[in-house]
Amino acid sequence: MLDLKWIRAHPDALKEGMRRRGAEVPVDELIEVDRAWREKLTALERLKAERNEASEAIGLAKRQGKDASEAIERMREVAARIKAMEQEVEGLEARLKELLLQVPNIPHASVPDGRSDADNVEVRRAGEPRQFGFEPKPHWELGVSLDIIDFERAAKVTGARFAFLKGLGARLERALIQFMLDLHTREHGYTELWPPFMANDASMTGTGQLPKFAADMFRVEGTDYYLIPTAEVPVTNYRMGEIIDGAELPLYYTAYSPCFRAEAGAHGRDTRGLIRQHQFDKVELVKLVKPETSYDELESLVRDAEDVLQRLGLPYRVVALCTGDLTFSSAKTYDLEVWMPSYGRYVEISSCSNFEDFQARRAEIRFRREPGAKAEYVHTLNGSGLAVGRTLAAILENYQEEDGSVRIPDVLVPYMGGVERIAPAG
RNA sequence: GGAAGGGUGGCCGAGCGGACGAAGGCAGCGGUCUUGAAAACCGUAGACGGCCCCGCCGUCCGUGGGUUCGAAUCCCACCCCUUCCGCCA
């Protein structure tokens, strides 16, 4: 959510930001509703001041044993007018809030202009895609032939876009989670959280999934909860409603969670393999920081996520998302894309964003620089560190051998109980 | 699932429908004292919003309704927390 005062002072900057995003936002209506709301509110508050004054006089008169029935009679009428006017003000306020929650974040000045992912800008590459001396297989074929991924039985048990991992496949998933969490907690300074995997409406609104993107999530029937689409939701909202002591900042949190996505609009894309599933594992990184540091913090957040890929020896690149490809809440986003031989291109495996105060304002996360200082909104950031299912897929494809076996990256071998290779049975 | 108790300012904790934005304590901030610090004492002190914005006004005592000229205080519904019982990994 943007600052209403800022919007009033900079309506043109707001329009320009929306134009850069290619977002359709009723800016003029927003500004008009705000104007009408303030006008009504001022009138209402004048009436309330009158009432308060009269009530005080009535109280005083009664205490002195005087008769106040005439004033009470007069105030009865004022009270009715207040009630009616409150209705109007509340109506305008609700509309204003509704409009405000629909407005996406303003792209940072450094974000490249563009309409779609085709306009994203590559920032750097690391590692060389391997030259295979044979025809490499896609991970969904490797997974099945190695008997470590089972899509068919998952379809039977649940449905399309789910998978069983089996044997060393399940073990590899678990090893990756453990490896990532260890790296971020031991070497990058993050505090591990194990969050709830469901969250309420307020949390979903806080990070920006609601009200616009309810259709992308799974609602748990009989409850007021959604399955989380990312650990960003519980972890960012961990400090919601709080005023944090400035000395505590910056706060770094990391969390493993399964992620559940309905992705209603994704039918037909990435239908095979682990790339687009209704449920997947992810290790998330979240930062709460002082505003003036947030863009430096974004760079170091990206480095923390990149470190995972580097240690796993996976070729990747970093791209800066263009204005048209930014998610709703983000002011600036870098995606990490891993080389996926089956796609013959780089595929998103992490998304690292600076939300500035957009989420903090929705979730009411503030801090005080000094004891007694005014409360300010923190800046929030998050990034995948990494999406585990896609990492597993990338390992299978990039580490495959001609005989159909897959080598385990060195750093994972201890986490695999010494297993160095996954080979076909028999 | 059942029973009881409870949600008040950064924290703890009082609060007969009218003098309560809310006693008191702690923490904080400013000052006195001190070589300095601690202690003691004095003062100050919330968040959000509106406006004719160095001030004035409004709102906020879990949330939402209701009663009333007037609600932290009364009524209704809901949410959350704690304890006990049951059930359960």
Side-chain angles (χ1 to χ4, degrees), chain A residues 1-9 30-101 194-206 210 219-220 222-226 234 237-249 251 258 288 290 357 360-378:
Chain A
M1 190 161 68
L2 298 172
D3 181 7
L4 191 52
K5 285 180 178 169
W6 180 88
I7 290 176
R8 279 174 205 149
L30 178 69
I31 288 165
E32 172 53 25
V33 170
D34 174 53
R35 192 201 59 72
W37 168 68
R38 282 186 291 162
E39 187 179 297
K40 285 281 177 198
L41 182 64
T42 303
L44 172 63
E45 289 185 345
R46 243 196 304 274
L47 264 191
K48 283 188 169 179
E50 188 185 328
R51 179 191 66 186
N52 291 345
E53 210 173 313
S55 287
E56 206 169 316
I58 290 167
L60 186 66
K62 287 208 161 185
R63 255 175 280 121
Q64 292 172 344
K66 295 180 190 161
D67 176 55
S69 53
E70 190 185 324
I72 289 175
E73 195 53 44
R74 203 151 17 85
M75 281 306 108
R76 189 165 294 160
E77 192 253 341
V78 171
R81 280 168 61 204
I82 287 176
K83 186 161 283 186
M85 207 177 286
E86 269 177 343
Q87 301 267 315
E88 289 185 65
V89 171
E90 277 166 25
L92 287 166
E93 203 170 340
R95 179 64 186 147
L96 182 62
K97 189 86 194 279
E98 189 183 327
L99 286 167
L100 212 45
L101 285 174
W194 197 281
F197 298 153
M198 301 182 204
N200 59 30
D201 289 358
S203 297
M204 292 299 176
T205 305
L210 291 182
R219 182 78 164 183
V220 181
T223 72
D224 293 327
Y225 308 139
Y226 288 93
N237 286 295
Y238 183 58
R239 305 300 291 266
M240 103 170 100
E242 296 187 29
I243 299 176
I244 298 166
D245 180 350
E248 273 194 75
L249 300 179
L251 286 164
L288 306 183
K290 292 179 183 172
D357 62 8
R361 184 170 288 108
R362 289 172 162 238
E364 282 296 315
I365 307 170
R366 291 172 292 173
F367 77 103
R368 264 186 242 284
R369 289 180 190 277
E370 306 291 338
K374 198 166 159 47
E376 303 171 54
Y377 289 109
V378 301

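Letters A, B, ... mirror the listed sequences (proteins, then strands); counts begin at 1.
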key: Shortest non-hydrogen separation from A/L92 to A/K40 and the atoms involved   = CD1-CG, 3.8 Å
ask   = Starting at NZ of A/K62 and ending at P of B/rC69, how long is that distance when rounded to a whole Å?
value = 10 Å
Assigned partner base of B/rG64, Watson-Crick or wobble definition, under 3.5 Å = B/rC76
task = Can you tell me the distance, in whole Å, between the CG atom of A/L41 and the C1' atom of B/rG49?
result = 7 Å
ask   = Side chains of A/S203 and A/N200: is there a donor and an acceptor less than 3.5 Å apart?
value = yes
task = Indicate, with a heavy-atom threshold strictly under 4.0 Å, whether A/R74 touches base, sugar-phosphate, or nothing.
result = nothing
ask   = Is there a donor-acceptor pair under 3.5 Å between the side chain of A/R362 and the backbone N or O of A/D357?
value = no
inquiry  = Within the 4.0 Å heavy-atom criterion, would you say A/D245 contacts the bases, only the backbone, or no part of the nucleic acid?
reply    = nothing
ask   = Can you tell which of B/rG49, B/rG18, B/rC48 lies closest to the side chain of A/R366?
value = B/rC48
inquiry  = Distance check needed: B/rC48 C1' versus A/R368 CZ, whole Å only.
reply    = 13 Å
task = Please state the C1' separation for the pair B/rG7 and B/rC78 - nearest whole angstrom.
result = 14 Å
request  = Answer with base, sugar-phosphate or nothing: what part of the nucleic acid does A/K40 contact at a heavy-atom distance below 4.0 Å?
outcome  = nothing
request  = Could you tell me whether A/E370 atom CD has more than 12 heavy atoms of other residues or ligands within 6.0 Å of it?
outcome  = no
Nucleotide paired to B/rG10 in any strand shown, Watson-Crick or G-U, under 3.5 Å = B/rC26
request  = Can you figure out which of B/rA47, B/rG50, B/rG70 approaches the side chain of A/R51 most closely?
outcome  = B/rG70
query = For the side chain of A/R219 and the backbone of A/Y226, is there at least one donor-acceptor N/O pair under 3.5 Å apart?
reply = no
ask   = Using purine N1 to pyrimidine N3 plus N6-O4 or O6-N4 for Watson-Crick, or N1-O2 and O6-N3 for G-U wobble, each under 3.5 Å, what pairs with B/rC48?
value = B/rG58
message = Tell me the interatomic distance from A/R38, atom CZ, to B/rU59, atom P, rounded to whole angstroms.
response = 20 Å
message = Regarding A/A71, tell me which of base, sugar-phosphate or nothing describes its non-hydrogen contacts under 4.0 Å with the strands shown.
response = nothing
query = A/E45 has a side chain; which of B/rG49, B/rC80, B/rG18 sits nearest to it?
reply = B/rG49
query = Taking atom CD of A/E248 as the centre, does the number of heavy atoms from other residues, nucleotides or ligands within less than 6.0 Å exceed 12?
reply = yes
task = Could you work out which one of B/rG50, B/rC69, B/rC80 sits closest to the side chain of A/Y225?
result = B/rC80
message = When both hydrogen-bonding distances must be under 3.5 Å and the geometry is Watson-Crick or G-U wobble, what is B/rG1 paired with, if anything?
response = B/rC85
inquiry  = My understanding is that a pair needs two contacts under 3.5 Å, Watson-Crick or G-U wobble. By that rule, which nucleotide pairs with B/rG70?
reply    = none
ask   = Looking across every strand, which nucleic acid part, if any, lies under 4.0 Å from A/A49 by heavy atom: base, sugar-phosphate, or nothing?
value = sugar-phosphate
inquiry  = Measuring to OP1 and OP2 of B/rU59, would you say a side-chain N or O of A/N52 lies under 4.0 angstrom away?
reply    = yes
key: Watson-Crick or G-U counterpart of B/rG21, or none if no pair lies under 3.5 Å   = none
ask   = Counting just side-chain N and O atoms, does A/K83 come under 4.0 Å of either OP1 or OP2 of B/rU67?
value = yes
query = For the pair made of CG in A/D224 and P in B/rU63, what is the distance, rounded to whole Å?
reply = 18 Å
